Every structure is written in structure tokens, then in C-alpha cells.
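One structure below.
Just follow the structure's listing: the first ligand is 1, and inside any ligand the first atom is 1. All residue numbers in this chain count up from 1 along the given sequence. Values in this document were obtained by computation on a predicted structure and should not be read as measured data.
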Amino acid sequence: SPLIERPSARFRMTSAASSSSYKVIIVGAGLAGLSCASKLLDSLDPSDVVIVEALDRAGGRTLTSCLPDDEPVDVGACWVCPRQKNVHRLLREHGLDVIEQQTSGIRVGVRSAGGLSGWLSRAFGRETTATTTTTLFTTLRGLPAWDLIQYTLLTRRVNRMARAIPIGRPWDAKGAERLDSSSVMAWLKEEGAPNNSTARGLMAATVQSVFCADASQISMLLFLTVIAEEGGVEVLLEEAQTQRVAQGNGTLSRRLAASLVERGVEIRLGAEVVECSHSATDGATVATRDGARF
Ligand SMILES: Cc1cc2nc3c(=O)[nH]c(=O)nc-3n(C[C@H](O)[C@H](O)[C@H](O)COP(=O)(O)OP(=O)(O)OC[C@H]3O[C@@H](n4cnc5c(N)ncnc54)[C@H](O)[C@@H]3O)c2cc1C
């Protein structure tokens, strides 16, 4: 039988644009919103809580899809690690299995080579493209010593900057506004590694593998915040990706949502919140694009 539940197989969530009153309104049915609702049920009645979600499904950035043979495949977040105690607790509560990620072997990358002239270009900061040069497989240790030194220095600098970010309050970091106005790629080109495109490319590849987005789309402050939370660039690339959920991370969100609905919590789907206001007399009001007010 399939390992994961298909959408709407076991529970229904509402999508009608009606208005109601609740003690707590949670915006967003990602893992944070769902686990927050679950925690609130320790002290509140299910009818006191509503989750208002813009999309037509719960789970946010977790989503498990199925291969034709019913093998689950995560298309959003897919790794967990032993340090994520709260996630592990949720996985146990919802009967999901953790498996070890295959990590043995050597890390291999692909880069354009171009012989001595290609290396000289990169060592002096110019990007070269694979279409004009020979493609080469390489390991980190197999890099020319100069590139390796530059990348090591860059990693140390990024880790040092990350240590200065206050956990949970990145906006209070020194120079937060400037860091948040710059993409990782812009920072690499201007400050981090202006003179070595190999070091720059490796750090940009780290951003790509963690955020599934280009280094030109992620703010430097966000990158540093994630590194600060994980404990270093190396941890982000190694330890943070050591385990997987056999049934898929999206299945955790799906089961969490199903258990909330079964206990009587309303999850309002297709309801994008467009306004939140607060007054001393009426409390908080949340309005959605489809005209509902909570
Ligand atoms: C491709 C990818 C791979 C990842 N890999 C990993 C990994 O391997 N390991 C790991 O630990 N993390 C990973 N992450 C990060 C992880 O997915 C997120 O940190 C986590 O899912 C965030 O949960 P959240 O509930 O805070 O936010 P989200 O999952 O983003 O949930 C927010 C929810 O709020 C809703 N919402 C937003 N605005 C509104 C609005 N105005 N009105 C109503 N609803 C709104 C959104 O639709 C969404 O459902 C990955 C992320 C991506 C995208």
C-alpha cells in the first residue's frame, strides 16, 4: 500500500469565505503554524483556534509527492538531523520513520576548467562558462591550492560574520539593514571573494543547495542567520543533511493537519491574509483577500 496519503484522502479542510471569532488566529499552515496549533490545544479548546492558509493545501515548504511506483519523494524540505529535537518529537508522535542519508563516498563537483588560462581567469575573479571550456569533475581537495586557500578563508569569514548574528533576532545584528539589502552573490562579488570566482562559485553553490534558489535571490542576512542557527557553513553542508523521513517530510505536515482537523481545529484554505489590525476594544482583526474577517 502507498506510504503516503494522497491529498484529501483522509480529511477535509474548509475553504468557504465566512467570518468568525476565535481566541487565536494562526496565519499559515506550514510546519510552524500547524505545530503551534497543536501546542495551543494543551490549554485551549479546538474551537478557539483557526489556521488561515493562502494555498489550497497545508504544509507550506514541505510537500511530499509520489513516484509512479508510489515511492515518496520530497519536493520541499527533505532532510532532518539529530539536533532537530522538536521535529523528531513530532515525527515520533505521528508514527513516521527516520532513515539515515547515504553520506559515504567523496563529494564531487563539476566545474569548467579551461587549463591554465581558465584557472588564471578564475583566480583573478572572472567567471568562465562550461560552453567555452572543457568540463572537469573535481573534489574539494582536488582544487588548486590557491583556490582552496581562498575558499577556506571565505568560509572562515562567513562563519565569523554569522557568529555575530543574534539567534532569533537577526534584525538586531550590527549592519543588519545593509546585509539584508545585499544578495549573497552581490556580497561575494563586492566583498567576500571579488578576486576568486572558484571560491565565489562554491559559496554560491552552498546557497543553491540549501535554499533551492540562486545566490542572487537570497539576502546575505538570511544566509548568515541560517548559518548562525546551524553552527557553521560546514554543518549546513554535512550534519544538517544526515537523515530523511521515510514517508516524506510533507507527510508529517499532512498528518499534523489531519490530526488537528480530527480534534476540531478549523484550517481555512485558499484564504490569503491581506490585513491584520489591532484595537484596544476589538482585539485583533485579520482580513483575507476573499473578504472574510476573523
Ligand atoms: C526546496 C526546499 C528544501 C528545503 N530543505 C530543507 C531541509 O532539507 N531541511 C530543513 O530543515 N529545512 C529545509 N527547508 C526549509 C524548510 O522547508 C522550512 O524552514 C520550513 O518548512 C518552514 O516552515 P514554516 O511553517 O516556518 O514556513 P512555511 O512552510 O513557508 O509556511 C508558511 C505558510 O504560510 C502561508 N502564508 C504565507 N503568507 C500568507 C498570507 N498572507 N496569508 C495566509 N497564508 C500565508 C504559506 O502559504 C505557507 O503555507 C527547505 C525549503 C525548501 C523550499
Is [atom] near the protein, in the sense that some protein heavy atom lies at less than 4.0 Å from it?
atom	result
atom 37 (C) of ligand 1	no
atom 25 (O) of ligand 1	yes
atom 22 (C) of ligand 1	yes

Closest candidate by heavy atom, reference atom 28 (P) of ligand 1, pool Arg57, Arg61, Gln101: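 Considering heavy atoms of Arg57, Arg61, Gln101, the nearest to atom 28 (P) of ligand 1 sits in Arg61.
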
- prompt: With respect to atom 45 (C) of ligand 1, which of Ala54, Ala213, Ser35 exhibits the smallest heavy-atom separation?
  reply: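 Nearest option to atom 45 (C) of ligand 1, by heavy atoms: Ala54.
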
message: Quick check on Gln84 - does any of its heavy atoms sit under 4.0 Å from an atom of ligand 1?
response: yes

query: Does ligand 1 have an atom under 4.0 Å from some heavy atom of Ala271?
result: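 Distance cut 4.0 Å: Ala271 passes for ligand 1.
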
Any N/O of [X] closer than 3.5 Å to an N/O of ligand 1?
X	result
Phe211	no
Cys78	yes
Ala32	yes
Leu55	no

message: Out of all atoms in ligand 1, which are within 4.0 Å of some heavy atom of Gly30? Include the element for each.
response: 25 (O), 29 (O), 31 (O), 33 (C)

task: Specify side chain, backbone, both or neither for Val87, according to which of its non-hydrogen atoms lie closer than 4.0 Å to ligand 1.
output: neither

message: Testing the 3.5 Å rule here: is there a donor-acceptor pair between the side chains of Ser253 and Thr62?
response: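 The criterion, which ignores hydrogens and geometry beyond distance, is satisfied for Thr62 and Ser253.
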
